[in-house]
Every structure is written in structure tokens, then in C-alpha cells.
Amino acid sequence: MVRGPVPGRRFRGRALVDEATAHAFDGFARLREDGLERHAGQRDAAQRALISPYLSVEHRDGAADGCPAAGLASDMARESGSGTAHRVYAEGVADFARWLSTEDEDGLARLCTLVGAPVLARATKGSPVSEEILTAPREALTDAGPAQPPSPPARQP
């Protein structure tokens with residue numbers, strides 16, 4: 001049994017992390033561009049179509065197949081900030097913010113809301129607040145407002 005670091009292993013591990021990070025953000029960028037195509041270039045419609053499933057229990061529970069900005073946030077926070085994966089992550093996050101931008105804002109507030117919600121919902125999974133963490137920003141970002149109970153039928157005179 002070999003104890004301690006194995007020469008070359010860390011380098012290959014780092015290369016795999018770099019490649020996986022780039023692959024994840026490339027796939028996420030394609031997903032957003034596909035959304036724009038499906039919505040005939042209407043950015044607002046494409047954004048709304050992404051926000052609802054992004055802030056869902058399914059996305060919370062499927063972190064491995066979810067957004068790399070949320071999924072890799074904790075790992076990147078532990079990085080030195082000088083590696084390829086960190087650079088690719090920062091560029092991917094900035095690109096996501098630009099995609100989320102509107103005529104009135106640069107997308108950073110929307111980005112922080114979207115990425116923060118799944119991170120917190122995953123950390124609180126099993127608690128009632130977990131789903132509330134997903135619902136509140138979904139309503140705020142889509143202007144859906146809280147679900148309203150159906151109105152009672154009108155009385156006939």
C-alpha cells in the first residue's frame with residue numbers, strides 16, 4: 001500500500017476537475033441557448049422557462065444534473081482562485097448573470113437569488129423551510145405571486 005501523495009496523481013486530478021468544470025458550464029450554456037431558440041429569441045420567456053424548474057424540488061434533489069454555479073459553489077470557494085477550474089467557474093457565473101440580465105438590471109441580483117436558493121434548499125432538505133426557500137424566489141422572479149386559492153362560486157340570486 002502506498003502512503004502519502006502519489007507523484008502525478010494530483011496533477012491529473014486537477015486536470016479532471018478543470019475539464020469537468022468546463023464541460024458542466026458548456027452544457028449549461030447550451031441549455032440556456034436552446035431555451036432562447038425554443039422561445040424564438042424572447043429572452044424574458046426563456047428566462048421564465050428556466051427559473052421555474054431551476055427553483056424546483058427536482059433540481060434541489062438532483063444536484064449532480066443541476067446548475068454548475070450552484071453545484072460547485074462550495075468547492076470553488078475552497079479553491080485558491082488561481083486555477084483553471086476557478087477561472088472557468090467565474091466566467092460561467094458571469095455568463096449566466098449576463099443571460100439573466102434585463103433592460104433594467106445586469107442580472108447579478110437574479111443570479112444570486114437563483115444560485116443561492118438551491119444551495120440553501122439542499123442544506124435544509126427535510127425541513128419545511130427547504131421548499132419555502134425555493135418557492136419565495138420563484139414567485140419573486142417570475143412575478144407569479146403566491147398561489148391563490150380558487151374563488152368560491154358566485155351565489156345565484
Nearest 0.5 angstrom please: [X] [atom1] to [Y] [atom2], how far?
X      : Y      : atom1 : atom2 : value
Ile51  : Leu100 : CD1   : CG    : 6.5 Å
His23  : Leu16  : NE2   : CG    : 12.5 Å
Leu111 : Arg98  : CG    : CZ    : 11.0 Å
Tyr89  : Asp75  : OH    : CG    : 9.0 Å
Ile133 : Leu55  : CD1   : CG    : 11.0 Å
Glu58  : Leu134 : CD    : CG    : 9.5 Å

Where [X] and [Y] come nearest, the two heavy atoms and their spacing:
X      : Y      : answer
His39  : Ala46  : CD2-CA, 3.7 Å
Pro137 : Ala117 : CG-CB, 3.8 Å
Ala70  : Val119 : O-CG2, 3.6 Å
Val88  : Ala22  : CG1-CA, 3.6 Å

With side chains defined as the heavy atoms from C-beta onward, is the minimum distance between [X] and [Y] less than 4.5 Å?
X      : Y      : answer
Val57  : Arg60  : yes
Tyr54  : Arg138 : no
Arg122 : His59  : yes
Asp95  : Phe25  : no
Thr84  : Thr21  : no

Main chain of [Y], side chain of [X]: is a donor-acceptor contact present, judged purely on distance under 3.5 Å?
X      : Y      : result
Thr102 : Glu105 : yes
Ser101 : Gly107 : no
Thr135 : Glu132 : no

Tell me whether Leu31 shares a hydrophobic cluster with Val93, the cluster being built from Ile, Leu, Val, Met, Phe, Trp, Tyr side chains joined at under 4.5 Å. yes
Does the pair Gln47 and Arg32 meet the rule for a side chain to side chain donor-acceptor pair (under 3.5 Å), with working shown? CA-CA 8 Å; Gln47 290 172 348; Arg32 295 190 314 266; over 6 Å; no
Are Asp34 and Arg38 ion-paired here, with the side-chain N under 4.0 Å from a carboxylate O? no
